[in-house]
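The structure appears below as structure tokens.
Model, not experiment: these values are computed from the prediction. Numbered from 1 within each chain, the chains take letters A, B, ... in sequence-line order.
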Amino acid sequence: MVLFSISRSLSSSVRFQNPKVSIVQFSVVSGDILNHLQENSGNVEKTLSTFKGPLDSKFVSGVLHRCYPSQSHTGLRFFIWAGLQSDYRHTPYMYNKACKLFSISQNPKLLFDVIEAYRAERCSVTVKTFKVVLNLYKQAKLADEALLVLRKMPEFGLRADTTMYNLVIRLFCVKGDMNTAETLMKEMGLIDLYPDMITYVEMAKGFCSVGRLDDAFRLFEVMKEHGCLPDKVLYSVLLHGICKFGNMEKALELLDEMEKEGGSCSPNVVTYTSVIQRFCEKGQTLEALEVLNRMEARNCSPNRVTASCLIERFCLEGRLNEAYKLIDKVVKGGGVSYEECYSSLVVSLKRNERTEEAEKLFRKMLDGGLKPDGLACSIMIKELASGGRVVDGYELCDEIEKMGYLTSIDSDLYSLLLVGLCERNHSVEAVKLVKLMLMKKIKLKSPYIDSIVEILKKSRDEELVNHLTENLKSFIPKVIIDSSN
DNA sequence: ATAGGGTTAG
């Protein structure tokens with residue numbers, strides 16, 4: 001029976017499924033290496049030193065999956081080793097993957113065990129080794145552990161550099177522990193490492209986020225003493241901090257100062273937008289528009305962020321005509337397109353419960369060949385799907401797809417539509433949607449797949465059941481991978 | 001390294 005085979009394929013795929021197709025490709029290249037790794041787990045780096053061949057993220061991720069879950073130690077040592085190779089560099093994505101796979105946040109000790117193993121086995125350890133470890137803690141957002149790593153370096157006769165201090169300082173700033181961050185910054189000076197612009201920007205951001213504006217401003221003096229001149233980025237951080245705490249007069253003074261200073265301190269679109277946004281939030285639309293004029297007068301073009309907060313504001317006040325005029329004006333500046341602005345307007349209208357107008361504008365965009373952005377599409381499709389117009393939602397999805405729309409809509413929406421279509425027995429659309437999902441490699445998340453299986457069990461539509469079963473079979477294993485990491 | 005509405009995929 002068809003239904004039986006679905007649930008059987010579901011449960012067997014939980015137990016036996018083998019992560020990714022790439023594993024197969026990679027086994028051909030490196031199966032030996034992996035087997036060696038697993039046999040001589042004590043000598044990972046020595047085994048790896050015999051490895052010759054291209055190292056890429058696919059390969060690295062394949063090995064990591066092989067080591068999961070019982071060989072975390074080996075997996076991490078492989079990951080660190082890979083990060084040391086000159087022809088390869090882990091991307092943040094890969095750090096994140098390793099971090100999630102081996103649950104570094106829950107098991108921070110794993111990495112200390114690796115460091116201890118290096119010591120016990122007299123492995124060669126360099127500054128770069130510690131950098132890879134630090135980056136793993138960065139992904140895991142573990143400030144204390146990252147600091148311990150920094151403290152371990154001298155035991156290996158190594159010294160941290162400015163980027164490593166910056167990484168740890170950043171973690172403490174994010175955590176809001178500005179005292180430790182400050183101690184670390186001072187410590188840099190003691191060991192002949194000078195804080196750089198990145199250090200100061202992080203510190204300024206950190207101080208602002210905990211409301212220590214005076215300390216943030218004091219950085220101006222500290223950095224100048226060290227021969228590091230403040231630039232627009234640092235100024236912008238401080239300006240943002242002042243805005244956030246509501247002192248708009250002081251914010252405008254600082255903006256003045258930046259304009260007068262000029263050069264590398266000259267405000268840019270981020271600086272102005274930050275001020276405009278705060279005025280909008282406070283309901284001071286007039287002041288926001290003055291800042292807009294001011295930036296345009298200085299040849300600084302508003303971008304999507306600038307435009308969208310003003311559009312949002314006009315929309316909230318019901319000043320739609322002015323929103324349209326504003327759009328014409330900012331688009332002329334060249335920093336933002338009609339597509340982006342109208343998309344923002346669609347989003348704002350919907351947020352202000354002017355759904356019908358949002359839909360009208362959205363339709364107008366499609367008919368005029370303007371591509372709405374991901375958020376606007378997601379919002380409109382969701383509106384249709386949850387408002388009992390599932391088929392319309394699907395058709396909209398299909399229409400957007402046919403426009404060659406590359407940026408994706410919220411991936412949950414495909415699942416939501418699929419469930420809706422199945423529930424209402426729209427077999428033809430459901431089958432088409434599944435095919436689209438397969439083509440776009442959209443994964444079905446576990447709560448949705450349960451609903452689908454339930455629906456199929458009850459369905460008398462044999463054609464639907466046959467088609468979906470056939471199609472779902474091929475991506476159920478992927479679902480299992482996704483829910484496991 | 002600065003704003004933000006959730007910005008590729010790996």
- line: Ranking B:dA3, B:dT2, B:dA1 by distance to the side chain of A:T273, first place goes to B:dA3
task: Mind checking A:S57 for me? I need base, sugar-phosphate or nothing, with any heavy atom below 4.0 Å counting as a touch.
output: sugar-phosphate
Which donor-acceptor pairs under 3.5 Å do side chains of residues 209-219 of chain A form with protein atoms, sequence neighbours excluded?
| from | atom 1 | to | atom 2 | distance (Å) |
| --- | --- | --- | --- | --- |
| A:S209 | OG | A:K205 | O | 3.4 |
| A:S209 | OG | A:G206 | O | 2.9 |
| A:R212 | NE | A:D215 | OD2 | 2.8 |
| A:R212 | NH1 | A:N179 | OD1 | 3.2 |
| A:R212 | NH2 | A:D215 | OD2 | 3.2 |
| A:D215 | OD1 | A:R218 | NH1 | 2.8 |

Table please: side-chain donor-acceptor pairs of residues 134-142 of chain A below 3.5 Å, with sequence neighbours left out.
| from | atom 1 | to | atom 2 | distance (Å) |
| --- | --- | --- | --- | --- |
| A:N135 | ND2 | A:K131 | O | 3.0 |
| A:Y137 | OH | A:P108 | O | 2.7 |
| A:Q139 | OE1 | A:N96 | ND2 | 2.8 |

task: Residues of residues 322-348 of chain A with any non-hydrogen atom less than 4.0 angstrom from an atom of DNA chain B: list those, numerically ordered, please.
output: A:S344
task: Using side-chain contact (heavy atoms from CB on, under 4.5 Å) as the criterion, list what pairs up with A:N299, not counting sequence neighbours.
output: none
message: What's the closest nucleotide to the side chain of A:R304 if the choices are B:dT2, B:dA3, B:dG4?
response: B:dG4
Residues that A:I191 engages under side-chain contact (heavy atoms from CB on, under 4.5 Å), provided they are two or more places apart: A:R159, A:Y165, A:L193
task: Map A:M94 and A:K232 onto DNA chain B by nearest heavy atom, then report which one ends up closer to the 5' terminus.
output: A:K232
query: When we call it a touch if two heavy atoms are under 4.0 Å apart, what does A:R278 touch: a base, just sugar-phosphate, or nothing?
result: nothing
field: Separation of the P atoms in B:dT2 and B:dT7, to the nearest angstrom
entry: 14 Å
query: B:dA1 phosphate, OP1 or OP2: any side-chain N/O from A:K205 under 4.0 angstrom?
result: no
field: Which nucleotide in B:dT7, B:dA3, B:dA1 has an atom nearest any side-chain atom of A:V305
entry: B:dA3
query: Which class fits the ring pair A:Y235 and A:F220: parallel under 30°, tilted 30 to 60°, perpendicular over 60°?
result: tilted
Counterpart residues, side-chain contact (heavy atoms from CB on, under 4.5 Å), relative to A:K332 (two or more places apart): none
task: Name the nucleic acid region contacted by A:N303, choosing base, sugar-phosphate or nothing; use a 4.0 angstrom heavy-atom cut-off, strictly under.
output: base
